[in-house]
Each structure stands twice: as C-alpha cells, then as structure tokens.
Amino acid sequence: MSAMRAAAAVFRRDLALAFRQGGGGAVALSFFLVTAATAPLALGGARDVLGPIAPGFIWTAAALAALLSLERFFQSDYEEGGLEVLALSPAPLEIVAAAKAGAFWCAALLPLIAASPVIAVLLQMDAAAIAPLMVALLLGAPALSLIGAAAAALAVGVRRGGLLIALMALPLYAPVLIFGAGAVNVAPEAGLASAPMLFLAAYSLFCLAACPVAAGAALRLNLE
C-alpha cells in the first residue's frame, strides 16, 4: 500500500469513527452553539453591544470548541496500540498526522463553520459581515486543526493531558483569533482580499508545512 493510500485510509477511518461515535465533532458543535446562544443573555441583547464583539466572540468560541476535542486526537490510538501500527504503515507519521488533522477539520471544525451564520444572527452581526466571517473561518480553521495535532502529539502518554494541550495550543491560536476577527471587521472597506485574510491563508499554509513535521517527531519520541 502506498503512503498516500495509507494516509487516505487513516483519514476515512478517523472520519467514520467521529461520525459513528458522535465524538469530538458533536461535543465541539454543541459547545459552540450553547456558548453563542447564552452570550446574548449575559451581555444583553442590544445590537450596538453584541455586533462589534461578535466576530471575536465567534472565533474564540470556535477555538475553545476545538480544544475540547484535542485530548483524544492520538490518545486512543496510543492506549489501544494503534499508534505502533500506524508507525509501521507505509505512510510516514508526518503524513498520518496531516491525515488525522484533515479528518478532525472535517468532523469537528467544518460543522462549526456551517453553523456560523446562525451564530452570527444570534449575535446580531451585520448581514454583510457573514460571508467574510465564513471565508475567514475556512482560511483559518485548518491552522487550528494542524496546531492541535502537533500539541496533541506532544502530549501523547500524559494522563489527563487536556490542560497541557491547551497551554501549548492557545499561544499559537492567538494570531488566528486576532487576524480572523480583524478580517471580518475590515471586510466592508478592504473586501475579501484584505491583509488579515491573506495572513490567515499564509498561516494555515505555514502550519500545513510545519505542524505535521512537529507532530511526527513528537510521536516518534513518545513511541521510543
């Protein structure tokens, strides 16, 4: 079996498990929806209060929702011996990590992006800002998934490693949150090709190059 076929098998397996078991995707989406639904109750329903903070709030809720699911990214494979099998597969661990990050993006983050217009309406965002919000999420969410994969790989074997993963991932999530919210705020003047949008795309591409390498090295270290 070629490396690409092995990686595709890992992707399909993780995606099937995520949808079959409910898993992290359902938890992340539920957290995202509940957080957004309760925000107007805590902050008041005034449009002039909710509207300006809505992009930053949605990005923060999406990042926290992603963090909820990262602890089991590699942990179940590690505990059941599947990680050793993956290490012996034709696909290098770097490609395996990238495939698992892709499955996580599809199962946990893509539903959040699909639900973001509903959240935007609840938070009384301007209708013209919804399309830029979704584009920004599509460009930035891959970085959240890839950074999460690297952090989860570093924490493999650590009991209750969720806090450790959050401590490692959150500083690297910060640029995504800052520029993601900024991309929505400047969209009325700069359009979809604004500097924050381009930064999100560049940051995700950088994470695509760097994070699987870091994850593969961490997994090898933890398997020794």
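Numbers here simply count residues along the sequence, with the first being 1.
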Trainee: If you round to the nearest 0.5 Å, how far is CG of Leu110 from CZ of Phe104?
Mentor: 12.0 Å

Trainee: Please report the shortest heavy-atom distance between Ala155 and Leu164, naming the atom on each side.
Mentor: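 So the minimum-distance heavy-atom pair works out to CB-CD2, 4.1 Å.
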
Trainee: When you measure from the side chain of Ser194 to the backbone N and O of Val186, does any donor-acceptor pair fall under 3.5 Å?
Mentor: no

Trainee: Between the main-chain N or O of Phe32 and the side-chain N or O of Thr35, is there a donor-acceptor pair closer than 3.5 Å?
Mentor: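 It does not hold such a pair.
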
Trainee: Taking Tyr173 for its side chain and Leu144 for its backbone only, find out whether a donor-acceptor pair lies under 3.5 Å.
Mentor: yes

Trainee: What distance separates Leu133 CG from Ser116 OG, expressed to the nearest 0.5 Å?
Mentor: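 Between atom CG of Leu133 and atom OG of Ser116 there are 5.0 Å.
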
Trainee: Taking all atoms of both residues into account, what is the closest heavy-atom pair of Leu172 and Val176, and its distance?
Mentor: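 Heavy atoms only, the tightest pair is O-CG2, 4.3 Å.
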
Trainee: Roughly how far, to the nearest 0.5 Å, is the CG atom of Leu29 from the CG atom of Leu112?
Mentor: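 One finds 6.0 Å between CG of Leu112 and CG of Leu29.
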
Trainee: Could you pull out the closest heavy-atom pair between Leu33 and Ala115, with the gap in Å?
Mentor: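 Taking every non-hydrogen atom into account, CD2-CB, 4.1 Å.
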
Trainee: Would you check if Ser204 and Leu146 make a side-chain contact, meaning some heavy-atom pair closer than 4.5 Å?
Mentor: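 Sidechains of Leu146 and Ser204: no contact.
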
Trainee: On a heavy-atom basis, which atom in Met168 and which in Ala151 lie closest, and how many Å separate them?
Mentor: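 Shortest heavy-atom separation between Met168 and Ala151 comes out as CE-O, 3.2 Å.
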
Trainee: Taking atom CE of Met125 and atom CD1 of Ile130, what is their separation to the nearest 0.5 Å?
Mentor: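 Met125 CE to Ile130 CD1: 6.0 Å, rounded to 0.5 Å.
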
Trainee: So which heavy atom on Ala215 is nearest to which on Ala153, and how close?
Mentor: O-CB, 3.6 Å

Trainee: Can you name the nearest heavy-atom pair linking Ala217 to Glu94, along with the distance?
Mentor: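 That would be N-OE2, 4.4 Å.
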
Trainee: How many angstroms lie between CD1 in Ile95 and NZ in Lys100, if you round to the nearest 0.5 Å?
Mentor: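 With rounding to 0.5 Å, CD1 (Ile95) is 14.5 Å from NZ (Lys100).
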
Trainee: Flag yes if Leu221 and Val213 sit in one hydrophobic cluster, no otherwise; membership is Ile, Leu, Val, Met, Phe, Trp, Tyr, and two members link when side-chain heavy atoms are under 4.5 Å apart.
Mentor: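 Looking at the clustering, Val213 is in a separate group from Leu221.
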
Trainee: Between atom SG of Cys106 and atom CZ of Phe11, what is the distance when rounded to the nearest 0.5 Å?
Mentor: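 Here the interatomic distance stands at 4.0 Å.
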
Trainee: Does Gly180 offer a backbone N or O that forms a donor-acceptor pair with the side chain of Trp59 under 3.5 Å?
Mentor: yes

